[in-house]
Amino acid sequence: SNVVLPPFLHRDNRGFIEEICKNVVSDMDAYGVCVVDDFLGAETGLAVLDEVKRLYSRGDFRDGQLVTNLITSDLKTIEGDKITWVDGKECECKNIGLLISQVDSIIVHANKMSDNGKMGDYVISGRTKAMVACYPGSGSHYVKHVDNPNRDGRCITAIYYLNLNWDVKEHGGLLRIFPEGWSDQVANIEPLFDRILFFWSDRRNPHEVQPAHQTRYAITLWYFDAAEREEACRRHNIDGKTKGKGAVLKKKSVK
Ligand SMILES: COc1ccc2cc(-c3cnc(C(=O)NCC(=O)O)c(O)c3)ccc2c1
Ligand SMILES: [Mn+2]
């Protein structure tokens with residue numbers, strides 16, 4: 001669905017989007033990773049956080065990782081991330097819906113802007129539903145993995161963080177990306193409130209979430225490249241239409 005920038009976006013917001021797109025295009029070309037702070041502004045960010053907390057309290061989050069609970073030496077189990085899928089049209093998720101449409105605008109616009117850059121190489125044909133993830137603060141973490149190791153169609157990962165007053169020294173939960181070709185350098189991303197992160201979903205960006213000692217919320221969207229998605233669906237002879245989670249993300253392919 002080609003998202004067109006709504007004409008009613010007043011000047012600075014449109015300028016805002018244009019500005020962000022320029023950064024996304026150049027950072028994705030240069031590093032394959034891009035961080036944008038103050039993405040929605042505090043008011044909308046807090047409204048999104050409120051909706052996520054309400055979803056979480058309703059208890060329809062399920063275990064995310066394949067790795068079942070790790071039994072630590074003192075036999076305390078560490079829960080992994082809990083996830084639920086949202087399409088943003090649900091009535092109690094209208095601010096999550098606003099976040100999704102903002103990210104759609106950025107991705108579609110950046111894709112159009114970057115004619116010869118890597119961003120322009122893809123034809124963004126759609127995306128998954130929004131995955132709302134919560135890491136309970138009991139030392140839960142995510143083992144080093146690649147989101148899309150086997151060409152399932154996902155080309156860009158977008159993660160929006162919702163964690164107020166997050167202090168990595170005290171709360172952990174750092175996202176560490178090991179970008180291919182950066183030799184021994186790593187990208188340490190703090191999961192700060194109203195921060196959005198973009199990175200290539202494939203093997204260029206193995207990443208891990210370090211143990212979190214405070215409840216840690218994030219909303220993730222994965223954008224599809226038309227050709228790769230088409231090929232993946234053919235390979236799994238699945239009709240291209242998304243079912244259920246809005247993506248054929250078999251757990252193993254996510255690991
Ligand atoms: C049943 O189908 C699915 C489909 C997709 C799934 C994706 C994840 C996943 C992947 N990556 C991360 C991550 O890297 N987070 C980085 C961060 O929070 O900073 C994460 O939190 C969660 C977990 C379970 C899934 C199950
Ligand atoms: Mn991941």
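Both counts, for ligands and for their atoms, begin at 1 and track the order of listing. The chain is numbered in sequence order, starting from 1.
- For Trp222, the heavy-atom gap to ligand 1 drops under 4.0 angstrom.
- Near Leu175, with a cut-off below 4.0 Å to any heavy atom, the atoms of ligand 1 are 16 (C), 19 (O).
- Using a 4.5 Å heavy-atom threshold, the side chains of His207 and Tyr142 count as separate.
- For ligand 1, the atoms closer than 4.0 angstrom to any heavy atom of Val209 are 15 (N), 16 (C), 17 (C), 18 (O), 19 (O).
- Listed by chain and residue number, the protein N/O/S atoms under 2.8 Å of the Mn ion (ligand 2) are His145 NE2, Asp147 OD1, His207 NE2, with waters left out.
- Here is the list of ligand 1 atoms found below 4.0 Å of a heavy atom in Tyr161: 17 (C), 19 (O).
- Ligand 1 lies nowhere less than 4.0 angstrom from a heavy atom belonging to Arg62.
- Residue Phe178 shares its hydrophobic cluster (ILVMFWY side chains chained together at separations under 4.5 Å) with Val186.
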Donor-acceptor contacts, no H, no angles, side chain residues 28-46, under 3.5 Å, sequence neighbours left out:
unit_1: Asp29; atom_1: OD1; unit_2: Lys118; atom_2: N; d: 2.8
unit_1: Asp37; atom_1: OD1; unit_2: Arg195; atom_2: NE; d: 2.6
unit_1: Asp37; atom_1: OD2; unit_2: Arg195; atom_2: NH2; d: 3.2

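- Neither the backbone nor the side chain of Tyr160 has any atom closer than 4.0 Å to an atom of ligand 1 (non-hydrogen atoms only).
- Classification of Glu51 and Arg54 as a salt-bridged pair fails, no side-chain N sitting under 4.0 Å from a carboxylate O.
- When each of Thr128, Asp152, Asn148, Asp147 is tested with Trp222 by the rule side-chain hydrogen bond (donor to acceptor under 3.5 Å, both in side chains), just one qualifies, namely Asp147.
- When heavy-atom distances to ligand 1 are checked against a 4.0 Å cut-off, Leu197 has no atom that comes that close, whether in backbone or side chain.
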Show, in sequence, the C-alpha distance, side-chain angles and deciding distance for Asp63 and Lys82, and conclude whether the side-chain contact (heavy atoms from CB on, under 4.5 Å) test is met. CA-CA 5 Å; Asp63 285 348; Lys82 309 275 182 210; 2.7 Å; yes

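- When the side-chain hydrogen bond (donor to acceptor under 3.5 Å, both in side chains) test is applied to Arg62, no partner is found at least two apart in sequence or on another chain.
- Those atoms of ligand 1 with a heavy atom of Gly64 less than 4.0 angstrom away are 24 (C).
- Only side-chain heavy atoms of Ile159 come within less than 4.0 Å of ligand 1; its backbone N, CA, C and O stay farther off.
- Not close to ligand 1: Tyr217, with no non-hydrogen atom less than 4.0 angstrom away.
- For ligand 1, the atoms lying closer than 4.0 Å to a non-hydrogen atom of Asp147 are 10 (C), 11 (N).
- Counting heavy atoms only, His145 comes closest to atom 13 (C) of ligand 1 of the residues Met131, His145, Arg176.
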